[in-house]
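Below: one structure, written as structure tokens.
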Amino acid sequence: MTVRKVRTRFAPSPTGYLHIGGVRTALFSWLYARHTGGDFILRVEDTDAQRSTEESTRQILDAMLWLGLDWDEGPFYQSKRLDLYREYIHKLVDQGKAYWCECSPEALEAMRSQALEKGDKPRYNRTCRHKGLGPGPGRVIRFATPGNGATSFDDQIKGRVTVSNEELDDFILLRSDDMPTYNVSVVIDDALMEMTHVIRGDDHVMNTPKQIQLYKALGSPLPVFGHVPMVLGKDRTRLSKRHGATSVTAYKDMGFLPEAVVNYLVRLSWSHGDQEIFSREELIEFFDIGDVGKSAAVFNPEKLLWLNHHYIKTGDTARLAALVPEFLELKGYPVPDREYLQKVVTDVRERTKTLEEIVDFGDFYFTEKEPPAELRRDFFKPDLALAFGTLVEKLRTVDPWEHAGLEEAVRGVLEETGLKFKILAQPMRVALTGKTVSPGIFEIMATLGRDRVLDRLSRAHACMRGS
RNA sequence: GGUCCCAUCGUCUAGUGGCCUAGGACACUGGCCUCUCACGCCGGAGACAGGGGUUCGACUCCCCUUGGGACUACCA
């Protein structure tokens, strides 16, 4: 017996950037395909000509690639397949499974509000169903939804879902502007593209019975459905801009690493025992759509930050260093060579959670600036002048300019002056970095290099002597 | 309103009838380490929404209540 190769897809509509919740669904779909050795197809649902833009499409594809969610086929564009949908829709009309309707939007609105007032369901009353109308201006084609019985399906995540056909409307297949609607184009495409598993957001559950009826009318085999729970904001409503950044691109721009975003998102409604950190390979090995939980998850930016910090702490420094220049340029700092950058990353990574923070926290590695007056006053005391003077002198001869030699030089100063390192350290830190919080003194000095260190220390020394 | 879905610490979750005086992670917090801050390590506080059943035994199964969410377009 041959098992059909799994085929899943992601079908975004390019009406905006790639949403963090939407991409979680894409991730699940992608993982399921990869896990089963199947194919992942990308399809752009741009049948809404008013709201779709090429810019959005480009951004979405970029974001997918950035996260490493590659596709085996596509991207297919629904806007290029319009005639195909129309063909199938008209065939449905010919078979009596769909019909022309002349009800105006106003009439429908009136119908709806009336029904609502009476406490009925706001549905189309099927007035045109048996009129035997043909095409005409302002007319639409509606699906003749079977009126009795119930439609149910076994969702891979939610289990069996049943909806009475009474609830299904005679929904529109072809709009009066000759454009097919979402419900038809997805079904036709999913059928034609031979999707075996339709993995999508929870918000589509109620569309599924309608679509199943369409599959039946079209005579196409049904795919398996899997509706993944929503990602919610802190107030437990659907995640939106109100809750902060929601676009994948925004996280990239804030200095998040793609593996952190992926690792964070995959743990929303899915888990593998107590494991928190997953490599891409582990994800592909462990992920199964059937293990996805049923309940919605709240997006927690702090945990994302923790994961990002984890990957910054443990990532390859050369790669990290290569990602920093983009952020340096943004802040207007000159871009030093790779080797220097790599040392900076090594120095700061324990204390910076994002690429952006590497640049902010490590600003003193990239630019010269005087410590704030307040810090000069507090730390550059006259009684330290002697120590700083000898320190500068000793540092002139340190060779090689490395941690061990630097520490030795400082220790020499301590012995000569009888000072505790604790007393010397903060003033040194302020002199070298302009702040009271930084990486270790010796790491900083080693990375900064003799010239910069001598220069900054000398200035502090001069300040102590009151000149 | 109707239909559908969901319900373990603040948050993400483990748990598939006895292993649970409920485990892990983020966040919070006490301590250790220490040149600052981090990192790391050790410790703490913190949850099975409520009520009925089923069962020798329920976080786990069933029902109700409550609470939350989704959908209810000539958007996708």
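Throughout, protein chains are lettered first and strands after them, A, B, ... in sequence-line order, and every chain is numbered starting at 1. Keep in mind it's a predicted model, so treat the numbers as computed, not measured.
No side-chain donor from either of A:S185 and A:R43 sits under 3.5 Å from a side-chain acceptor of the other. Side chain to side chain, A:N263 and A:Y311 meet the donor-acceptor criterion of an N or O pair below 3.5 Å. A donor and an acceptor atom, one from each side chain of A:N125 and A:T127, are located under 3.5 Å apart. Side-chain contact annotation: A:D48 with A:Y182, donor-acceptor N/O pair under 3.5 Å absent. No hydrogens or angles considered: a donor-acceptor pair under 3.5 Å links the side chains of A:S79 and A:D46. A:Q426 and A:R429 share a side-chain donor-acceptor pair at under 3.5 Å. For the residue pair A:T151 / A:Q213, a side-chain donor-acceptor distance below 3.5 Å is found, with atom types taken as modelled.
With both pairing distances under 3.5 Å, B:A7 is matched to B:U66 as a Watson-Crick or G-U wobble pair. Across all strands shown, nothing is found opposite B:A73 as a Watson-Crick or G-U wobble partner with both distances under 3.5 Å. Of all nucleotides present, none satisfies the Watson-Crick or G-U wobble test against B:A22 with each distance under 3.5 Å. A 3.5 Å limit on both hydrogen-bonding distances identifies no Watson-Crick or G-U partner for B:C48.
One can place CG of A:L108 at 14 Å from C1' of B:U72, the figure rounded to the nearest angstrom. Rounding to whole angstrom units, CG of residue A:D203 and P of B:C71 are separated by 6 Å. Rounded to whole angstrom, the span from the CG atom of A:N183 across to the C1' atom of B:C75 amounts to 11 Å. If you take CD of A:Q211 and P of B:C75, they are 16 Å apart, rounded to a whole angstrom. Nucleotide B:C71 holds its P atom 13 Å from the CZ atom of A:R200, rounded to whole Å. Rounded to a whole Å, the CZ atom of A:F278 is 12 Å from the P atom of B:U13. Taking atom CG of residue A:D235 and atom P of nucleotide B:G69, one finds them 8 Å apart after rounding to whole Å. For A:Q275 and B:A25, the CD to P distance is 13 Å, given to the nearest whole Å.
Relative ring orientation between A:H272 and A:F286 is described as parallel, the plane-to-plane angle staying below 30° on a 0-90° scale split at 30° and 60°. Ring-plane geometry between A:F380 and A:F388 is classed as tilted, the angle between the planes lying from 30 to 60 degrees on a 0 to 90 degree scale. Using cut-offs of 30° and 60° for the angle between ring planes, the A:F143 and A:F171 rings count as tilted.
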### Task
Report the C-alpha distance between A:L67 and A:W30 in whole Å, list the side-chain angles of each, state the deciding distance to 0.1 Å, and finish with yes or no for side chain to side chain contact (heavy atoms under 4.5 Å, CB included).
CA-CA 11 Å; A:L67 291 172; A:W30 180 86; over 6 Å; no
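In this structure, A:S52 reaches neither bases nor backbone, as no heavy-atom distance under 4.0 Å exists between it and the strands shown. Among the heavy atoms of the strands lying under 4.0 Å from A:C103 is at least one base atom, whether or not backbone atoms are also near. A:S271 comes within 4.0 angstrom of sugar-phosphate atoms only, judged by non-hydrogen atoms across all strands, and of no base. Using a 4.0 Å heavy-atom cutoff across all strands shown, A:D46 reaches no nucleic acid atom at all. Counting non-hydrogen atoms under 4.0 angstrom, A:H204 reaches a base of the nucleic acid. Residue-level contact check: A:T237 touches the backbone only, with heavy atoms under 4.0 Å from sugar-phosphate atoms and none from bases. As judged by a 4.0 angstrom heavy-atom cut-off over every strand, A:R349 is placed among residues making no nucleic acid contact.
Taken residue by residue, residues 15-31 of chain A places no heavy atom nearer than 4.0 Å to RNA chain B.
Across the P atoms, B:G15 and B:C75 are found 43 Å apart, a figure rounded to whole Å. For B:C6 and B:C64, the P atoms lie 13 Å apart once the distance is rounded to whole Å.
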## Note on the structure
Letter by letter from the 5' end, nucleotides 36-48 of chain B scores (B base, S sugar-phosphate only, - none; protein heavy atoms under 4.0 Å) BBBSS--------
### Task
Between protein and nucleotides 4-12 of chain B, map the contacts as a letter string: B base, S sugar-phosphate only, - none, heavy atoms under 4.0 Å, written 5' to 3'.
SSSS---SB
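To the nearest 0.5 Å, the span separating CD on A:E357 from CG on A:N308 amounts to 9.0 Å.
Across A:W306, A:W270, A:F299, a single residue satisfies ring pair (Phe, Tyr, Trp, His ring centres under 6.0 Å) together with A:Y264, and that is A:F299.
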